[in-house]
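Below is one structure, written out as structure tokens, with a few remarks after it.
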Amino acid sequence: MPDFPEAAAWTVYFAPLSAFVVVAALLRDRPREAGRLVVAAIGVAWLLSLWALAVVMDHDGEAIGFGAHHWMTVADFEFDVRICLDGLTAVMLVVVTSVALLVQVYSTEYMHGDGGYARYFAYMGLFTSSMLGLVLAGNLLQLFVFWELVGLSSYLLVGFWFDRPAAAAAAKKAFIVTRFGDFGFLLGLLLIWSKTGELDIATINEEAELLSSAVLAGFMLGLFAGAVGKSAQFPLHIWLPDAMEGPTPVSALIHAATMVAAGVYLLARFFPALEAAPAEVHTIVAYTGGLTALIAATMGIAATDIKRVLAYSTISQLGYMVLALGLGGYVAAVFHLFTHAFFKALLFLGAGSVNHATGTFDMREMGGLRTAMPITFVTFVLGALSLAGFPLTSGFWSKDEILLDAWNHDRVLFLVAAGVAFMTALYMTRAVVLTFLGEYRGGAPSAHGSLPNGSAHAPHESPLAMWASLAILAVPAILIGWTNVGGGFGELIEGALPEALRHGKPDTQAVVVVTGTLAALLGIGAGLALYLARQPASDAVRAWLGPLPRIVEQKYYMDTLAEDILVRRVLYGGAGRALELIDTYVIDGVVNGVGRAARLGGDALRRSTVGQQQAYSSLLLAGVVVAVVVLLVVSGNVLER
Amino acid sequence: MLTTFLLLPLAGVLMIAFLPRTREHEAKWIALFVSALACALSLAIFVRFDRDAAGYQFVDRFEWIRAADAGFSVQYIVGVDGLSAPLVLLLGVLSLAAVLVSFNVTFRAREYFAWLLVLETAVAGVFTSLDLIQFFLFWELELLPMYLLISVWGSGRREYSAMKFLLYTISGSALMLVGFLVLGLAAGTFDIEQLTAQPPSDTLLPLQAVFWFVIAAFLVKLPIVPLHTWLPDAHTDAPTAVSVMLAGVLLKMGGYGILRIALPVLPEQAHDARVLLAALAAISVFYGAVLTLRQRDLKRLIAYSSVSHMGYVLLGVAAMGSVALSGAALQMVTHGLITGLLFIMVGLIYDRAHTREIAELSGLMHQMPLIGAATVVAGLAALGLPGLAGFVAEITVFLGALEAHPAATILAVFGVVLAAGYVLWAVQRVFMGARNERWSALPDFDAWWERAAVAGMLVLVLVVGVYPRVLSDVVAQGVAPLAAMLAGPAA
């Protein structure tokens with residue numbers, strides 16, 4: 001097979017970007033064409049990505065060398081852009097383009113009739129190209145550029161329905177909260193450049209061991225801060241649930257399958273550097289992931305909005321991946337990213353389909369949809385089983401690898417991960433029960449508002465483009481986990497690592513498999529027992545748990561802490577008010593005081609002057625002349641001496 | 001060529017002066033013609049500037065006062081290098097844009113456009129003068145049109161603001177003049193090139209004091225906290241075009257003065273002052289950004305954000321390495337483009353809604369999708385989004401400054417987070433939200449000159465952001481000798 005031409009790699013990036021440009025410039029008033037163009041462009045990128053994957057598999061996952069392109073020089077700072085294409089990138093390309101393609105096809109119907117249809121597809125084109133640019137980047141600054149651009153696309157799409165105050169606020173929150181993480185990312189980038197003069201990712205990874213441990217730790221923690229923001233890890237996870245205000249296909253693509261995984265991708269991309277970093281860094285990473293997985297799972301049990309359940313679940317599963325990376329589980333983390341992208345995108349699209357039928361995301365208004373929406377029901381259940389880790393589904397295999405890494409390295413985190421697995425199965429069962437089983441509770445125009453064509457009457461199955469996307473996505477959602485049962489997936493992505501870090505597939509441990517299976521089955525069983533019986537059982541459990549449910553429902557008061565206390569009280573009301581007082585009364589007070597004193601002096605002088613501008617000007621001029629003369633005389637004396 | 005660039009606006013002033021009062025409305029066409037010509041000329045200078053040749057180019061020289069007996073001479077000398085050529089282009093572009101967005105000015109239009117053109121000449125003189133006395137004269141010349149433009153055509157407390165601007169600047173320039181005279185008399189020349197080659201040593205005042213005298217005027221102009229309170233007032237009460245010029249090019253006179261005079265003539269003293277300068281820079285960035293968060297008037301908001309963003313220029317200066325200095329030079333140009341554009345956008349909103357109170361505006365995206373989109377792009381550029389001009393400059397400053405001033409740089413980088421806060425907060429309040437019936441009659445872009453000014457600026461912001469070499473290669477020519485000079489005292 002011929003090698004992959006660099007032009008094709010660039011086309012993967014430029015195809016969706018040009019679709020964005022064309023739609024934004026020319027097709028704003030022609031929505032049908034806009035939608036088709038973006039779908040076609042992503043289709044091109046998808047085909048090229050499959051080709052890239054085939055070529056990279058031929059290379060056993062090792063990088064295909066592309067040269068650097070000089071972009072900018074500022075004195076000692078040279079910025080070269082380079083394409084990185086190895087097993088890790090190829091897998092990401094296929095994930096991004098596959099999910100993006102299906103989501104766009106789905107969107108042609110889901111967004112049908114929306115006034116901003118063309119704008120929606122333009123933004124989606126921008127997002128897809130930026131995400132592809134991110135995974136193709138071979139230079140850290142290049143990666144950072146796309147990192148910010150996916151953040152922008154996310155901002156634009158979360159705030160897509162900008163006339164809704166909640167959406168506008170959520171978009172802003174998402175961007176600003178992730179910027180706190182980017183602050184760390186940027187500092188890491190600055191640090192590594194000022195210590196090494198290098199931004200090429202491959203070079204940094206190769207030479208990481210030569211760095212002092214403090215620099216390397218600072219660098220990796222900086223990148224990790226970026227990942228914490230982007231991948232919604234504690235304590236910066238607070239933006240992701242709010243981001244559900246965006247259209248549901250956006251949540252599926254950006255806030256489940258791809259962009260939120262970028263933080264995990266970033267750490268995986270720098271895995272050799274991470275491995276070389278001091279143990280404390282690993283501990284911070286792993287425990288942040290574990291803590292995130294745990295608290296997000298509890299919030300998933302409490303949420304009543306189906307999209308928020310899925311959002312907390314996403315946070316929780318991303319925590320799993322981060323936990324794995326902290327424990328050195330490169331393959332496990334990327335593999336879980338891979339399977340999660342498919343089943344979580346499927347679940348979100350299913351939630352969108354349900355919303356399309358009922359006009360709400362509130363599960364308390366749903367129920368009984370299994371008969372009216374059989375395809376949505378079946379595919380959603382398949383996705384839920386996979387997420388819950390039901391034996392032999394995709395999620396089972398990838399979760400098993402993370403549990404295995406945890407068992408081998410840190411038993412505390414193993415217990416956490418097992419507990420999270422149980423809770424995951426529990427809240428997904430709850431979601432399925434509340435949404436699809438029992439009796440239909442009528443639907444309602446939800447707080448997010450329903451689409452113009454979303455009907456509050458008798459629910460029915462979604463149109464062809466939507467259910468077909470669900471059906472297609474269900475296949476990888478349930479089956480793609482088999483790619484690493486023989487270790488093939490792991491070998492492919494380990495091609496991106498140096499020889500010393502390629503470990504192959506670790507041996508299965510019976511205790512891990514049993515724990516994972518039991519957690520999933522117990523969670524499903526508990527969910528059925530609690531929620532099929534409905535009110536009495538869950539109320540009893542609630543009462544038994546005391547104040548805990550309330551704390552969880554208040555999201556552990558993290559939003560209150562961040563928005564009301566830190567931003568409004570400390571920053572705006574505290575520091576801002578204090579500086580404003582200084583500005584008004586101290587600095588300007590002095591200025592005005594000087595001015596007033598001058599005016600009083602001037603009043604005294606006015607009796608001897610005409611009080612006109614010209615007079616003051618001549619005085620000023622005279623003063624300058626006097627100063628010059630004095631200086632000339634004085635300096636003349638100095639010179640003579 | 002540079003002399004032509006200097007005189008061209010004055011020729012326009014002359015033409016306007018001979019315009020009968022009955023044909024007052026034609027003044028804007030003369031101003032447009034002249035500023036378009038000047039813009040084309042500035043572009044020609046920028047394009048024909050030889051990036052590989054060292055030293056000043058397009059030099060015109062003319063001896064003015066020769067007093068060899070007294071050991072000094074005053075001469076007319078203009079020239080550009082990689083530091084000033086981009087600023088000359090920026091001036092050409094922004095002056096044209098300022099004329100365009102003034103097309104709806106009818107009150108005393110002849111004088112208005114005449115003063116606008118005088119302003120262009122004055123700033124052009126600052127950016128091209130290679131003699132201290134000449135530099136000072138142009139520096140002072142700029143005050144007259146600014147004072148009048150704000151106090152006559154402004155709004156609100158315009159006279160207070162104009163006078164505040166005047167007094168702040170004059171206080172600074174008085175110190176600057178003393179510094180210049182001490183330097184020039186000690187060296188026997190006011191020629192910047194000669195002063196740079198042989199910095200004077202035996203001076204009337206200690207050189208460290210002279211350095212602070214000279215830089216004081218520049219710090220006022222940038223402006224740097226705590227010398228900044230004139231800026232929000234001047235901006236708020238100035239007409240749109242004057243805000244564009246003020247933020248776009250006048251603030252750059254401060255940064256340029258530091259790079260052209262304070263650093264090269266007094267490199268050792270600058271080096272000794274670097275920690276204090278870095279501290280001032282970081283304070284400006286942070287203080288400016290926090291206060292920006294609290295502003296309720298769109299113009300004041302952008303004004304305080306300028307205080308914050310010009311802090312990056314000083315941070316680049318304080319780091320004194322070649323990367324950081326390049327960043328400072330780039331930041332001046334990109335901030336000029338971005339903030340100029342932002343003031344144009346606010347002007348367009350104000351022309352329609354007759355208010356700039358953020359609390360009163362909402363949902364404007366419904367009425368003005370294109371103005372909204374352009375404002376959002378300008379705002380994103382201001383918060384340092386990659387792909388737009390601001391990012392290139394900021395990242396260059398940060399890269400260059402971290403090693404020299406880690407604490408100040410970290411604080412400055414945090415300014416980027418705050419920038420996201422105030423930009424997106426304002427965008428949300430003004431443009432997003434439900435349709436507001438009060439604004440239902442407001443039009444989107446409705447005049448060709450509005451579209452032309454905004455489109456031109458947007459293109460530049462995008463071009464510099466995507467392909468920064470158009471700028472960075474020129475800047476490098478100017479920074480290289482300066483960085484070499486500053487590396488001396490460090491070693």
Side-chain angles (χ1 to χ4, degrees), chain A residues 71-77 79 141 144-149 152 155 159 162-165 167-169 171-172 175-176 179-180 182-183 186-187 189-191 193-195 567 571-572 575-577 579-580 582-583 586-588 590-591 594-595 598 620 624 627-628 631-632 634-636 638-639, chain B residues 70-71 163-164 167-168 170 177-178 181-182 185-186 202 204 226 228-229 287 290-291 293-294 321-323 326-327 330 363 365-366 380 385-387 391-392 395-396 398-400 402-403 409-410 413-414 416-417 420-421 424-425 428 431-435 468-469 472-473 475-476 479-480 483:
Chain A
W71 202 252
M72 175 188 178
T73 305
V74 180
D76 313 329
F77 167 57
F79 177 30
L141 181 57
F144 182 76
V145 166
F146 291 113
W147 181 271
E148 293 289 292
L149 289 179
L152 165 71
Y155 169 76
F162 60 84
D163 50 336
R164 301 179 187 168
K172 181 189 64 178
F175 196 95
I176 294 173
R179 265 240 157 170
F180 276 91
D182 297 351
F183 170 61
L186 196 51
L187 289 179
L189 184 153
L190 298 175
L191 177 68
W193 186 81
S194 42
K195 295 299 177 193
V567 173
L571 179 64
Y572 186 82
R577 181 86 188 115
L579 292 186
E580 195 172 66
I582 291 175
D583 213 50
V586 180
I587 298 179
D588 240 15
V590 169
V591 171
V594 170
L620 183 70
V624 171
V628 172
L631 274 164
L632 278 174
V634 176
S635 66
V638 171
L639 287 177
Chain B
M163 186 52 84
K164 196 169 178 182
L167 292 179
Y168 253 109
I170 285 187
L177 181 62
V178 173
L181 290 174
V182 170
L185 294 174
D202 184 19
L204 194 58
H228 66 286
T229 58
Y287 182 104
V290 171
L291 276 184
L293 283 169
R294 285 193 68 91
S322 52
V323 175
S326 307
L330 289 171
M365 198 64 101
H366 295 279
L380 292 171
L385 188 82
F391 174 74
V392 178
I395 188 90
T396 312
F398 297 153
L399 284 169
L402 184 72
E403 188 86 54
T409 306
I410 291 171
V413 175
F414 190 71
V416 174
V417 178
L424 297 185
W425 173 76
Q428 182 196 350
F431 289 106
M432 297 186 173
R435 181 182 288 271
R469 279 184 76 172
S472 60
D473 285 358
V475 164
V479 166

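All values reported here derive from a predicted model rather than from experimental measurement. Side chains included, hydrogens not; waters and symmetry mates left out as well; all remaining heavy atoms used. Residue numbering restarts at 1 for every chain, and letters A, B, ... go by the order of the sequence lines.
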### With A:Met72 via side chain to side chain contact (heavy atoms under 4.5 Å, CB included) - residues at least two apart
A:Val74, A:Phe79, B:Leu330, B:Val392, B:Thr396, B:Pro468, B:Arg469, B:Ser472
### Query
Side chain, backbone, both or neither: which part of A:Leu141 has a non-hydrogen atom closer than 4.5 Å to chain B?
side chain
#### Entry: Distance (rounded to the nearest 0.5 Å) between A:Phe77 CZ and B:Leu399 CG
5.0 Å
### Pick from B:Tyr168, B:Phe431, B:Trp425, B:Phe414 with the largest number of heavy-atom pairs that fall under 4.5 Å of chain A
B:Phe414
#### Entry: Most chain A-contacting option - heavy-atom pairs closer than 4.5 Å, from B:Tyr287, B:Phe398, B:Phe391
B:Tyr287
### Message
I'd like to verify something: which residue of A:Val145, A:Asp583, A:Leu187 has the highest number of heavy-atom pairs under 4.5 Å with chain B?
### Response
A:Asp583
### Task
With a 4.5 Å cut-off on heavy-atom pairs, point out which of A:Val590, A:Asp588, A:Val567 contacts chain B the most.
A:Asp588
### Query
What are the two closest heavy atoms between B:Leu385 and A:Glu148, and how far apart are they?
CD1-O, 4.0 Å
### Task
Report yes or no: does A:Arg179 contribute a side-chain atom to a donor-acceptor pair with the main-chain N or O of B:Ala420 at less than 3.5 Å?
no
### Query
Any side-chain heavy atom of A:Leu189 sitting closer than 4.5 Å to one from B:Ile395?
yes
### Message
Taking the side chain as everything from C-beta on, heavy atoms only, tell me whether A:Phe162 gets closer than 4.5 Å to B:His366.
### Response
yes
### Task
Identify the two heavy atoms, one from A:Asp76 and one from B:Val323, that lie closest to each other, and give their separation to 0.1 Å.
N-CG2, 3.8 Å
### Query
Side chain, backbone, both or neither: which part of A:Trp71 has an atom under 4.5 Å from a heavy atom of chain B?
both
### Listed partners of B:Arg435 passing salt bridge (charged side-chain N to carboxylate O under 4.0 Å, His left out), at least two apart
none
### Message
Does any backbone or side-chain atom of A:Leu186 lie under 4.5 Å from a heavy atom of chain B? Answer side chain, backbone, both or neither.
### Response
side chain
### Query
Which pair of non-hydrogen atoms, one from B:Met432 and one from A:Ala168, has the smallest distance, and what is that distance?
SD-CB, 3.5 Å
### Message
Between B:Leu402 and chain A, with a heavy-atom cut-off of 4.5 Å, which part of the residue counts as in contact: side chain, backbone, both or neither?
### Response
side chain
### Query
chain B heavy atoms under 4.5 Å from A:Phe146: which part of the residue, side chain, backbone, both or neither?
neither
### Side chains of A:Tyr572 and B:Val290 in contact at under 4.5 Å (non-hydrogen atoms)
no
### Task
Could you tell me which portion of B:Ile410 (side chain, backbone, both or neither) has an atom closer than 4.5 angstrom to a non-hydrogen atom of chain A?
both
### Task
Count the heavy-atom pairs under 4.5 Å between each of A:Pro165, A:Ala167, A:Ala169 and chain B, then report the option with the highest count.
A:Ala169
### Query
Taking C-beta and beyond as the side chain, do A:Phe183 and B:Val413 meet within less than 4.5 Å on heavy atoms?
yes
### Summary
Applying a strict 4.5 Å limit to non-hydrogen atoms, the region of B:Ala434 in contact with chain A is both
### Message
Looking only at heavy atoms and a cut-off of under 4.5 Å, which of B:Val475, B:Leu167, B:Val416 has the most pairs with chain A?
### Response
B:Val416
